[in-house]
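What follows is one structure encoded as structure tokens, with my remarks underneath.
Along the sequence shown, residues carry numbers from 1.
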Amino acid sequence: MGRGKFKSKPTGRRQFSTQEDLLAGTSTRPRTFRQKEAENEEEPEVVSGDESGEESDGETKKKGTQGIIEIENPNLVKPKTLKARDVDVEKTTELSRREREEIEKHKAHERYMRLQEQGKTDQSKKDLERLALIRQQRAEAAKKRDEEKAAKEKKKAETLK
């Protein structure tokens, strides 16, 4: 029972086993710890020299039904390793449809950009016309500003005299 106004946690307090409990096998540790200890004790026995040699010579032990049922996956493509002397350099590999379309798309884009730089496409012609119009408007606006500036200076000069 806890003292004070606060309740103790539901997990309770830690209980430690004594040496006598451990030796008697009546410790309060969970069973999982005992199972892990048992596995650790068994492993050194399994790793003896005779057994390890037998496993390396034979096939590896398969889990579950894999050892019983031999299934060959027809969709599984096994990679074929070729040696350098066996490779045919003159043989051309066929591209897939997607790869061909990707290459054609890239070439078409490069061709279009080259024509655009030369000013031969409809879009580039429109852009150049728009650019010429804007330059003309800016030139007219600059002339107008210069004329107004000259008129102001002339007016100032007249008022000073």
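- Residues that satisfy the salt bridge (charged side-chain N to carboxylate O under 4.0 Å, His left out) test with Glu102, not counting sequence neighbours, are absent from this structure.
- Every residue two or more places apart in sequence or in another chain was checked for a side-chain hydrogen bond (donor to acceptor under 3.5 Å, both in side chains) with Arg98, and none qualifies.
- Sorted by first then second residue, the side chain to side chain donor-acceptor pair (under 3.5 Å) pairs that include residues 137-158, not counting sequence neighbours, number zero.
- When the shell of 6.0 Å around CD of Gln19 is examined, it contains 12 or fewer heavy atoms from other residues, nucleotides or ligands.
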Subject >> Audit row: Gln118, Leu115, side chain to side chain contact (heavy atoms under 4.5 Å, CB included) steps and yes/no >> reply: CA-CA 5 Å; Gln118 295 171 1; Leu115 290 173; 4.0 Å; yes

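- Considering only residues two or more places apart in sequence or on other chains, Glu20 meets the side-chain hydrogen bond (donor to acceptor under 3.5 Å, both in side chains) condition with Thr18.
- Here Arg135 pairs with Leu131 under the side-chain contact (heavy atoms from CB on, under 4.5 Å) rule; sequence neighbours left out.
- In the hydrophobic clustering (ILVMFWY side chains linked at under 4.5 Å, chained through shared members), Met113 is joined by Tyr112.
- The minimum heavy-atom distance between Lys120 and Lys125, with the atom names listed, is O-CE, 3.7 Å.
- Once rounded to the nearest 0.5 Å, the distance linking CD of Gln116 with CG of Asp122 reads 10.0 Å.
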